[in-house]
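Everything on this sheet refers to the single structure shown next.
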Amino acid sequence: MPGTLRCIVVTPEQTALEQEADFVALPLFDGEIGIAPNHSPMIGRLGYGAMRLKLGNDEKLLYVDGGFVEVAGNVVSVLTNRAVAPARIDTTAAEVQLANALRQAAPTKELQEIRERQVAQARAQLRAARRAR
């Protein structure tokens with residue numbers, strides 16, 4: 001279809017999504033980016049959160065768990081650790097992960113980074129799940 005993007009989401013296990021879109025919004029590690037057809041080529045580092053795909057009046061959400069995005073020639077390629085529909089997120093597990101991470105002592109820089117990543121992942125999962133309702 002002219003004037004659209006081809007969006008491909010790949011995890012280590014599978015191709016999680018392959019579809020056309022008029023617009024794609026992605027969580028980057030330092031904010032959000034919107035991608036429309038004929039976007040300039042780019043590579044970015046993904047954060048944790050909801051990826052939005054719009055085609056006409058339809059919107060699809062997909063939680064992505066870090067990784068990378070490449071935009072080239074109206075193709076948006078997403079490589080992520082995990083891609084899941086927000087309705088399938090286990091919110092109880094995310095709440096437990098958040099509580100455990102917030103309680104966890106982090107005396108070293110490495111442990112602080114691990115704790116920050118766990119907090120960011122859990123919060124992003126909970127936001128994505130709430131948004132899908």
Side-chain angles (χ1 to χ4, degrees):
M1 184 185 294
T4 62
L5 299 162
R6 185 83 187 142
C7 187
I8 303 165
V9 179
V10 178
T11 69
E13 294 83 27
Q14 65 181 354
T15 299
L17 177 83
E18 189 169 349
Q19 77 172 55
E20 299 291 320
D22 297 325
F23 180 80
V24 177
L26 290 160
L28 295 181
F29 79 100
D30 60 351
E32 185 176 60
I33 187 167
I35 301 165
N38 301 315
H39 191 284
S40 50
M42 63 157 278
I43 294 176
R45 192 172 102 199
L46 292 174
Y48 311 109
M51 171 182 177
R52 297 186 324 271
L53 294 100
K54 290 188 177 188
L55 183 59
N57 293 328
D58 294 330
E59 182 177 71
K60 181 172 191 153
L61 295 176
L62 193 64
Y63 170 80
V64 292
D65 196 53
F68 296 92
V69 59
E70 177 189 38
V71 179
N74 285 331
V75 177
V76 179
S77 301
V78 174
L79 306 171
T80 184
N81 295 323
R82 192 172 124 203
V84 62
R88 299 195 63 191
I89 291 174
D90 184 345
T91 55
T92 303
E95 288 168 352
V96 169
Q97 177 181 334
L98 178 59
N100 289 342
L102 291 173
R103 274 196 312 268
Q104 189 174 47
T108 67
K109 183 171 175 63
E110 292 81 15
L111 291 175
Q112 288 171 0
E113 289 173 359
I114 291 168
R115 180 178 64 190
E116 288 171 10
R117 185 184 74 240
Q118 290 173 340
V119 167
Q121 285 174 318
R123 286 182 173 159
Q125 288 176 43
L126 292 169
R127 274 193 307 273
R130 277 193 298 270
R131 186 177 192 158
R133 291 184 184 144

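One distance of note links CG of D22 with CG of D58; it measures 9.5 Å at 0.5 Å rounding. Between the CZ atom in R115 and the CZ atom in R103 there is a gap of 12.5 Å [rounded to 0.5 Å]. Going from atom CD1 of I35 over to atom CG of L26 covers 5.0 Å, rounded to the nearest 0.5 Å. Here the CZ-CG distance, from R88 to L62, works out to 11.0 Å after rounding to the nearest 0.5 Å. To the nearest 0.5 Å, the span separating CE on M51 from CD on E32 amounts to 11.5 Å. Between atom NZ of residue K54 and atom CG of residue L61 there is a gap of 9.5 Å, rounded to the nearest 0.5 Å.
Remark: side-chain polar atoms of D65 are not paired, donor with acceptor, to backbone N or O of N81 under 3.5 angstrom. A donor-acceptor distance shorter than 3.5 angstrom exists from the side chain of Q97 to the backbone of Q118, with no hydrogens or angles considered.
L126 and T91 get closest at one heavy-atom pair: CD2-O, 3.8 Å. Contact detail for A16 and T11: the closest heavy-atom pair is CB-CG2, 4.3 Å. Between T80 and P12, the closest heavy-atom pair is O-CD, 3.3 Å. A pairwise comparison of heavy atoms in A50 and A128 identifies CB-CB, 4.2 Å as the closest pair.
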For this session: Applying side chain to side chain contact (heavy atoms under 4.5 Å, CB included), run through I33 and H39 and close with a yes or a no.
Result: CA-CA 11 Å; I33 187 167; H39 191 284; 4.2 Å; yes
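Ion pair E59/R131 not flagged as a salt bridge, since none of the NZ, NE, NH1 or NH2 atoms sits closer than 4.0 Å to an Asp/Glu carboxylate oxygen. For E18 and R6, the salt-bridge test passes: some basic side-chain N is under 4.0 Å from an acidic carboxylate O. Using a 4.0 Å cut-off between charged side-chain N and carboxylate O, R117 and E113 make no salt bridge.
M42 is not connected to F23 by any chain of hydrophobic side-chain contacts under 4.5 Å among Ile, Leu, Val, Met, Phe, Trp and Tyr, and they are in different clusters. One hydrophobic cluster, built from ILVMFWY side chains closer than 4.5 Å, cannot hold both Y48 and L102; they sit in different ones. By the criterion of side-chain heavy atoms lying less than 4.5 angstrom apart, applied directly or through intervening Ile, Leu, Val, Met, Phe, Trp or Tyr residues, L17 is not grouped with V84; the two fall into different hydrophobic clusters. Grouping the Ile, Leu, Val, Met, Phe, Trp and Tyr side chains by contacts below 4.5 angstrom, directly or via other members, places L5 with V64. Hydrophobic clustering (ILVMFWY, side-chain heavy atoms < 4.5 Å, transitive): V75 and V10 are in one cluster.
Counting only heavy atoms from C-beta outward, the side chains of N74 and N38 approach each other to under 4.5 Å.
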